[in-house]
Undergrad: 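Questions regarding the structure given below will be posed in turn.
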Amino acid sequence: MVTINNPNMKKIVILGGGTAGWMAANLLQHYLAQSGFTISLVESPDIPTVGVGEGSTPQLRQFFNTLGITEQEWMPSCNATYKNGISFENWSDKPGFEEYFHAFPSATDRQTAAGFLQNCMARRRGYNVDAHPNRYFLSATLAQQALSPKPIGQATVAINYAYHFDSVLLGKYLAKLAINNGVNHIQAKCEKAHNHVNGEIKSIELHTGEQIEGDLFIDCSGFRSVLLQQHLAEKFTSYQDVLFNDSAIAMPSNSENVIQSQTLSTALSNGWAWQIPLTNRIGNGYVYSSEFISADQAEQELRTKLGLLDHANSAKRLSMKIGRVQQHWAKNCLAVGLSQGFIEPLEATALHLVQETIESFVGAFSAGNFTQQHQQQFNHRINARFDGIRDYIVCHYKINSRDDSEYWRANRHNSNISDSLQNILQCWDQGGDITAEINRQQIAAYYPAVSWHCLLGGYGRFPELSNAQHHNPTTNENLQHIDGFIQQCASGFQPHASALKFG
Ligand SMILES: Cc1cc2nc3c(=O)[nH]c(=O)nc-3n(C[C@H](O)[C@H](O)[C@H](O)COP(=O)(O)OP(=O)(O)OC[C@H]3O[C@@H](n4cnc5c(N)ncnc54)[C@H](O)[C@@H]3O)c2cc1C
């Protein structure tokens with residue numbers, strides 16, 4: 001809880017009731033309401049939420065922990081499942097590297113990931129050793145065996161995990177929670193905003209003519225960004241020169257017999273498809289670039305992949321604005337969610353950024369006694385996080401080795417990548433110390449060195465082997481030890497289906 005002693009700060013108005021709006025409402029209520037703030041959330045019943053976004057990072061566990069909500073309470077209401085990580089298929093055509101798993105780093109990996117990093121280094125120097133990530137991460141084995149990250153009985157090893165969920169149901173769940181905790185819910189369209197003479201927002205005007213005044217405005221109005229980008233005209237930095245995908249098609253399909261405990265990301269002709277297992281259905285979608293493929297062609301390709309050619313399953317078409325605002329907090333307005341920016345959903349990081357934005361904002365806002373004292377540092381920090389995540393995602397495209405379409409070649413030959421990413425790739429290709437490079441750039445908080453190894457090693461970005469270079473017997477001995485350790489650990493985890501029975 002934070003103590004308020006700025007008499008000019010009492011009323012928070014949130015515009016937008018998508019996942020971002022309701023996450024913001026709950027967190028701000030948690031941190032600020034008991035200190036005297038009142039919180040209102042305005043949403044238009046006629047403007048739908050984006051209605052997608054069903055995978056998370058482990059950060060979402062922290063969100064529910066902060067609010068004191070157990071998995072038993074929220075997961076069944078949102079048809080949620082456990083996510084051990086993401087499996088990437090067909091991004092690379094290097095033999096043996098057509099698929100790899102990106103685990104959420106866990107404390108347990110310390111016992112096994114060192115072997116992976118060591119083998120990656122040896123393989124980059126031409127030794128014929130196993131440098132594919134899947135063997136080295138307990139989460140990968142849990143996912144392969146459709147096991148949950150929940151232990152049978154008392155946990156003996158620590159494992160990190162995230163969730164899949166129905167985004168519409170999650171929004172409803174969070175709305176109910178916030179309203180029960182005192183958030184004032186106003187269902188109306190915001191037509192415009194009015195300013196004080198100093199340029200700060202004074203009120204928003206609803207379609208009824210009613211004015212809602214506030215001291216602080218949180219813009220969660222989605223891609224429209226009604227307050228920050230439209231009203232305050234804050235500038236937007238596009239990522240389109242490095243992330244070509246600007247469109248998506250979402251389409252549900254029926255559940256399979258076994259509910260997988262991982263997201264599947266499969267590269268297609270001009271983008272990639274997600275497959276997210278929920279308890280009652282599978283969420284599917286194709287994220288693509290409209291410059292390279294039409295919506296009709298993309299839908300056809302997705303339907304063919306899913307075997308849903310009879311058109312019984314409806315498809316939803318979406319446009320995506322990729323990039324971020326230059327200032328997420330400007331004057332007395334903070335943008336959260338799609339209104340502040342969006343990095344395409346390859347690593348399911350959007351809600352992570354929502355959470356990070358709100359938590360950091362509360363820290364900066366209260367440290368400055370509810371003034372704009374720390375605004376600049378805050379904006380710098382959020383921009384750095386957006387750019388850091390962007391680079392990791394750009395790397396997937398840059399290092400692809402597919403040759404089946406102009407899209408993949410254009411991605412591979414794109415020379416617009418950041419200096420940061422160029423340095424990482426150079427360091428990797430020259431056999432340098434990636435961990436030291438990540439630390440030097442101070443970007444480990446976005447993706448740690450082990451994740452970069454999973455990505456680069458997972459794609460098989462290694463030099464050709466030569467006959468003169470033999471197996472390194474020491475590392476192979478270690479491998480058997482790692483295999484045994486992981487199998488033994490995996491036997492202590494519940495099957496996914498039984499972990500989802502909360503009754
Ligand atoms: C294809 C795709 C896949 C994605 N996958 C993931 C994923 O796997 N993981 C992840 O974390 N994220 C993902 N995302 C992002 C995720 O969907 C969003 O970050 C999340 O849903 C939050 O959206 P939002 O609340 O910012 O906006 P929206 O859901 O668009 O909500 C906007 C709200 O603002 C209201 N509104 C707008 N204008 C007005 C107005 N004038 N007056 C009143 N109300 C107004 C609307 O009524 C609505 O309530 C994905 C996004 C896309 C496009």
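All residue numbers in this chain count up from 1 along the given sequence. Atoms within each ligand, like the ligands themselves, are counted from 1 in listed order.
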Undergrad: If you count the atoms of ligand 1 from 1 in the order shown, which ones are under 4.0 Å from a heavy atom of Cys220?
TA: 32 (C), 33 (C), 34 (O)
Undergrad: Should you measure from each heavy atom of Gly337, which atoms of ligand 1 turn up under 4.0 Å away?
TA: 26 (O)
Undergrad: So is Trp22 in contact with ligand 1, going by heavy-atom distances below 4.0 Å?
TA: no
Undergrad: If you measure every N/O of Leu338 against every N/O of ligand 1, is any gap under 3.5 Å?
TA: yes
Undergrad: Is it the case that Lys321 places NZ or CZ above or below the six-membered ring of Phe236, under 6.0 angstrom from the centre and within 45 degrees of the axis?
TA: yes
Undergrad: Is the closest N or O pair between Gly17 and ligand 1 shorter than 3.5 Å?
TA: yes
Undergrad: Assess whether a salt bridge exists between Glu213 and Lys11, defined as any Lys/Arg side-chain N lying under 4.0 Å from an Asp/Glu carboxylate O.
TA: no
Undergrad: Mind checking whether Asp46 contacts ligand 1 via backbone (N, CA, C, O), side chain (CB onward), both or neither, at a 4.0 Å heavy-atom cut-off?
TA: neither
Undergrad: What do you reckon, does Val50 have a nitrogen or oxygen under 3.5 Å from a nitrogen or oxygen of ligand 1?
TA: yes
Undergrad: Does a side-chain N-to-carboxylate-O contact under 4.0 Å join Glu299 and Arg303?
TA: yes
Undergrad: So which heavy atom in the protein is nearest atom 27 (O) of ligand 1, and how far is it from that ligand atom?
TA: Gly222 CA, 3.4 Å
Undergrad: Do any nitrogen or oxygen atoms of Ser44 lie less than 3.5 angstrom from nitrogen or oxygen atoms of ligand 1?
TA: yes
Undergrad: Can you report which non-hydrogen protein atom sits closest to atom 13 (C) of ligand 1, along with the distance?
TA: Gly53 CA, 3.3 Å
Undergrad: Of the side chain and backbone of Glu43, name the one, both, or neither that has a heavy atom under 4.0 Å from an atom of ligand 1.
TA: both
Undergrad: In the protein, what heavy atom is nearest to atom 12 (N) of ligand 1, and what distance, to one decimal place, separates them?
TA: Ala350 CB, 3.2 Å
Undergrad: Name the orientation class of the two ring planes belonging to Phe365 and Phe37 (parallel below 30°, tilted from 30 to 60°, perpendicular beyond 60°).
TA: tilted
Undergrad: Within a distance under 4.0 Å of any heavy atom of Glu54, pick out the atoms of ligand 1 and give their elements.
TA: 7 (C), 8 (O)
Undergrad: How long is the gap from OG on Ser247 to CD on Glu291, to the nearest 0.5 Å?
TA: 10.0 Å
Undergrad: Return the option from Val287, Ile47, Leu318 holding the heavy atom at the smallest distance from atom 46 (C) of ligand 1.
TA: Ile47
Undergrad: Do you see a donor-acceptor pair shorter than 3.5 Å between the side chains of Gln377 and His374?
TA: yes
Undergrad: Considering only protein heavy atoms, which is closest to atom 41 (N) of ligand 1, and at what distance to one decimal place?
TA: Cys190 O, 3.1 Å
Undergrad: Answer side chain, backbone, both or neither: which part of Ser221 comes under 4.0 Å from ligand 1, heavy atoms only.
TA: both
Undergrad: Is there a polar contact, in the sense of an N or O pair closer than 3.5 Å, between Phe342 and ligand 1?
TA: no
Undergrad: Under 4.0 Å from a heavy atom of Ala248: which atoms of ligand 1 are those, numbered in the order shown and with their elements?
TA: 1 (C)
Undergrad: Side chain to side chain donor-acceptor pair (under 3.5 Å) for His194 and Glu205? Distances and angles first, verdict last.
TA: CA-CA 8 Å; His194 299 281; Glu205 186 174 324; 2.6 Å; yes
Undergrad: For the pair Glu43 and Lys189, find out whether any cationic side-chain nitrogen is under 4.0 Å from an anionic carboxylate oxygen.
TA: no
Undergrad: Return the set of residues passing side-chain contact (heavy atoms from CB on, under 4.5 Å) with Ala384 (not counting sequence neighbours), or none when no residue passes.
TA: Tyr446
Undergrad: Does Tyr163 have its ring centroid less than 6.0 Å away from the ring centroid of Trp74?
TA: yes
Undergrad: Show me which atoms of ligand 1 lie under 4.0 Å from any heavy atom of Leu15.
TA: 42 (N), 43 (C), 44 (N)
Undergrad: Would a line drawn from the ring center of Phe88 to the ring center of His396 be shorter than 6.0 Å?
TA: yes
Undergrad: Check Lys398 with Asp391, please: is the shortest side-chain N to carboxylate O separation under 4.0 Å?
TA: no
Undergrad: Looking at non-hydrogen atoms alone, which of Pro345, Gly16, Gly55 comes nearest to atom 10 (C) of ligand 1?
TA: Gly55
Undergrad: Answer yes or no: are there more than 12 heavy-atom neighbours, outside Arg381 itself, under 6.0 Å from its atom CZ?
TA: no
Undergrad: Is Asp387 paired with Arg324 through a side-chain N to carboxylate O contact shorter than 4.0 Å?
TA: yes
Undergrad: Please identify which atoms of ligand 1 are closer than 4.0 Å to at least one heavy atom of Ala188.
TA: 43 (C)
Undergrad: Has ligand 1 got any nitrogen or oxygen that is less than 3.5 angstrom from a nitrogen or oxygen of Leu351?
TA: yes
Undergrad: According to salt bridge (Lys or Arg N to Asp or Glu O under 4.0 Å), who are the partners of Asp166, at least two apart in sequence or on a separate chain?
TA: Arg281
Undergrad: Any heavy atom of Pro45 sitting closer than 4.0 Å to ligand 1?
TA: no
Undergrad: So is there a nitrogen or oxygen of Ala20 less than 3.5 Å from a nitrogen or oxygen in ligand 1?
TA: yes
Undergrad: State whether the shortest distance between N or O atoms of Val52 and N or O atoms of ligand 1 falls below 3.5 angstrom.
TA: yes
Undergrad: Considering only non-hydrogen protein atoms, determine which one is nearest to atom 31 (O) of ligand 1 and report residue, atom name and distance to 0.1 Å.
TA: Gly18 CA, 3.6 Å
